[in-house]
Amino acid sequence: MASTDDDRRPKYQRIADSLREAIQSGTYGPGDRLPGENELMATHGVARMTARQALSVLKDEGVAESRKGAGVFVRAFRPLRRRGIQRLSQEQWGSGRSIWSADIENRTLTVDQVTVSEEEAPEGIGAVLELGDGDTVCVRRRRFVLDGKPVLLATSYLPTSVVAGSAITQEDTGPGGTYARLAELGYKPVHFREEIRSRMPTKGEADQLSISAGTPVILICRTAFADEGRPVEINEMTLDAASYVLEYDFDA
């Protein structure tokens with residue numbers, strides 16, 4: 001038989017494709033253990049490094065995940081559909097609901113690693129927030145964990161002059177979150193801008209999100225504006241790309 005382009009692909013890629021097809025066909029379901037390195041070596045007549053590379057492809061794609069001491073398993077986590085427009089509507093946070101409630105349905109969300117501090121504004125942040133020399137920002141850092149899986153790291157920057165003494169400077173901002181509190185302070189968000197890009201994670205990000213170093217992350221930078229175009233918050237988010245579907249639904 002004539003050689004095809006597929007035949008000329010590296011062996012590890014062909015093995016990974018075979019495993020992926022088996023997952024898609026239902027041979028291996030969510031949570032099932034995939035053949036280990038020894039099994040792949042025997043079945044395909046390859047070296048251990050080739051078998052390891054094949055499994056790494058699936059882990060990097062977010063299709064599979066390692067469990068220490070147990071092997072590699074089909075990822076059981078259901079991706080989160082992030083509804084980028086509905087979640088930021090005033091109807092959402094203005095009624096005391098978390099913007100996350102537009103995304104998670106009846107799934108379990110927890111927020112941990114929360115820190116709140118007053119810091120000197122990074123140069124780029126200060127410029128966007130239109131701060132003067134010496135002005136500080138309230139910095140809110142936290143991690144979001146869905147169904148036991150870390151999915152998002154977020155760092156928000158708000159002018160200290162706007163939020164000083166408010167619940168925004170506390171770990172728990174209360175019903176409706178930061179945007180509801182800004183509205184109470186007279187800085188109701190009326191416009192949002194989100195910028196999206198992607199890259200590979202840093203080691204720290206990979207550790208915090210419990211992802212392999214080869215899994216990309218999505219970066220979303222959101223700026224919230226009050227009346228007259230005044231910027232009142234910058235939120236820099238790092239998402240596990242394999243855990244998300246980004247949905248934007250709007251009229252023509």
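Applying the salt bridge (Lys or Arg N to Asp or Glu O under 4.0 Å) rule to Asp135 yields no partners; only residues at least two apart in sequence or on another chain are considered.
The shortest distance between side-chain heavy atoms of Tyr244 and Pro79 does not fall below 4.5 Å. The side-chain heavy atoms of Val245 and Leu80, taken from C-beta on, include no pair separated by under 4.5 Å. Counting only heavy atoms from C-beta outward, the side chains of Leu182 and Ile168 approach each other to under 4.5 Å. With contacts defined as side-chain heavy-atom distances shorter than 4.5 Å, the pair Val151/Leu209 does not qualify. Looking at Ile196 and Ile218, their side chains come closer than 4.5 Å, going by heavy atoms from C-beta outward. Side-chain contact check for Leu19 versus Pro35: some heavy-atom pair is nearer than 4.5 Å.
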Test side-chain contact (heavy atoms from CB on, under 4.5 Å) on Gln208 and Gln113 and set out the steps. CA-CA 10 Å; Gln208 281 187 283; Gln113 300 183 7; 2.7 Å; yes

Decide side chain to side chain donor-acceptor pair (under 3.5 Å) for Arg140 and Thr115; before the verdict, give the C-alpha distance in whole Å, the side-chain angles of both, and the deciding distance to 0.1 Å. CA-CA 6 Å; Arg140 300 182 51 82; Thr115 64; over 6 Å; no

Yes or no on side chain to side chain donor-acceptor pair (under 3.5 Å) for Lys59 and Ser66, after CA distance, side-chain angles and deciding distance? CA-CA 8 Å; Lys59 289 188 288 184; Ser66 292; 3.0 Å; yes

Check against side-chain contact (heavy atoms from CB on, under 4.5 Å), Leu40 and Ile15: CA-CA 8 Å; Leu40 294 177; Ile15 296 171; 4.1 Å; yes

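Residues Arg181 and Gly174 share a closest heavy-atom pair of NH1-C, 3.4 Å. Here the shortest heavy-atom pairing between Cys138 and Thr160 reads N-OG1, 3.4 Å. Contact detail for Ala180 and Pro175: the closest heavy-atom pair is CB-O, 3.6 Å. For Pro231 against Val128, the heavy-atom pair with the smallest separation is CG-O, 3.1 Å. Shown here for Thr178 and Thr173, the closest heavy-atom pair between the two residues is N-OG1, 3.7 Å.
In summary, Arg199 and Glu205 engage in a salt bridge, as defined by a charged side-chain N under 4.0 Å from a carboxylate O. With respect to the salt-bridge test (charged N to carboxylate O, under 4.0 angstrom), the residues Glu119 and Arg141 qualify. Taking the charged nitrogens against the carboxylate oxygens, Arg20 and Asp17 do have a contact shorter than 4.0 Å, which makes a salt bridge. In this structure, Arg82 does not pair ionically with Asp103, as no charged nitrogen and carboxylate oxygen lie closer than 4.0 Å.
Phe192 and Phe225 end up in different hydrophobic clusters when Ile, Leu, Val, Met, Phe, Trp and Tyr side chains are linked at under 4.5 Å. In this structure, Leu88 is a member of the same hydrophobic cluster as Leu109, with clusters built from ILVMFWY side-chain heavy atoms closer than 4.5 Å.
In this structure, the separation between CZ on Arg75 and CG on Leu34 is 13.5 Å, given to the nearest 0.5 Å. Between Cys221 atom SG and Tyr157 atom OH the span is 9.5 Å, to the nearest 0.5 Å. Once rounded to the nearest 0.5 Å, the distance linking CZ of Phe144 with NZ of Lys149 reads 14.5 Å. Of the inter-residue distances, the one linking Thr50 atom OG1 with Gln13 atom CD reads 12.0 Å to the nearest 0.5 angstrom. Separation of atoms CD (Glu37) and CZ (Arg48) is listed at 5.5 Å; rounding is to 0.5 Å. Going from atom OG of Ser156 over to atom CG of Asn235 covers 3.5 Å, rounded to the nearest 0.5 Å.
Thr215 places no side-chain N or O within donor-acceptor distance of the main-chain N or O of Ile211, the cut-off being under 3.5 Å. Listed for the Trp93 side chain is no donor-acceptor partner under 3.5 Å among the backbone atoms of Gly177. Under a 3.5 Å cut-off, the side chain of Ser18 and the backbone N or O of Arg14 do not form any donor-acceptor pair. Using modelled atom types, no side-chain atom of Asp207 and backbone atom of Gly204 make a donor-acceptor pair closer than 3.5 Å.
Remark: aromatic rings of Tyr179 and Tyr187 are distant, center separation not under 6.0 Å.
For the 3.5 Å distance criterion, the side chains of Ser101 and Gln92 qualify, holding a donor opposite an acceptor. Side-chain atoms of Thr155 and Glu236 form no donor-acceptor pair, as typed in the model, at a separation below 3.5 Å.
For the side-chain contact (heavy atoms from CB on, under 4.5 Å) test with Val137, the passing option among Val163, Leu131, Leu158, Ile234 is Leu131; the others fail. Here the options are Arg83, Gln86, Glu194, the test is side chain to side chain donor-acceptor pair (under 3.5 Å), and the partner is Tyr248; only Glu194 passes.
Other residues, nucleotides and ligands contribute at most 12 non-hydrogen atoms within 6.0 Å of the NZ atom of Lys188. Heavy atoms of other residues, nucleotides or ligands lying less than 6.0 angstrom from CD of Glu120 number 12 at most.
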